[in-house]
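These figures come from a predicted structure and were not determined experimentally.
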Amino acid sequence: LHYIWADPLVCDCLYLGTQQNYNQFQKYQLEQQIATQQQLAAVSWYDSGWDWGAWGPWGPETPSDFVYGPPGW
């Protein structure tokens with residue numbers, strides 16, 4: 001049993017292989033898809049126009065001995 005699959009986007013060619021080759025190809029495709037999604041997520045969280053100054057510093061109204069968490073931490 002052999003598989004033939006097309007790649008019209010990258011090389012405009014056909015691949016020919018066994019079940020093992022096809023499984024390896026599918027694994028590679030999944031890894032690439034995950035990497036692309038992670039890259040898109042990282043880019044979507046970065047925005048140079050965002051004003052992070054509104055989030056800090058705490059300011060003078062916060063006591064200097066303030067510790068986040070329940071008493072006893």
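The environment of Gln20 atom CD is sparse: at most 12 non-hydrogen atoms of other residues, nucleotides or ligands sit within 6.0 angstrom. For Phe25, the CZ atom is densely surrounded, since the number of other residues' heavy atoms within 6.0 Å is greater than 12.
A donor-acceptor pair shorter than 3.5 Å cannot be found between the side chains of Tyr28 and Gln24. Counted by atom type alone, Tyr3 and Asn21 present zero donor-acceptor pairs between their side chains at under 3.5 Å.
One finds the NZ atom of Lys27 at 9.5 Å from the CG atom of Leu30 (value rounded to the nearest 0.5 Å). Taken from CD in Gln19 to CD in Gln26, the straight-line distance is 7.5 Å, to the nearest 0.5 Å.
In this structure, Leu1 is a member of the same hydrophobic cluster as Trp5, with clusters built from ILVMFWY side-chain heavy atoms closer than 4.5 Å.
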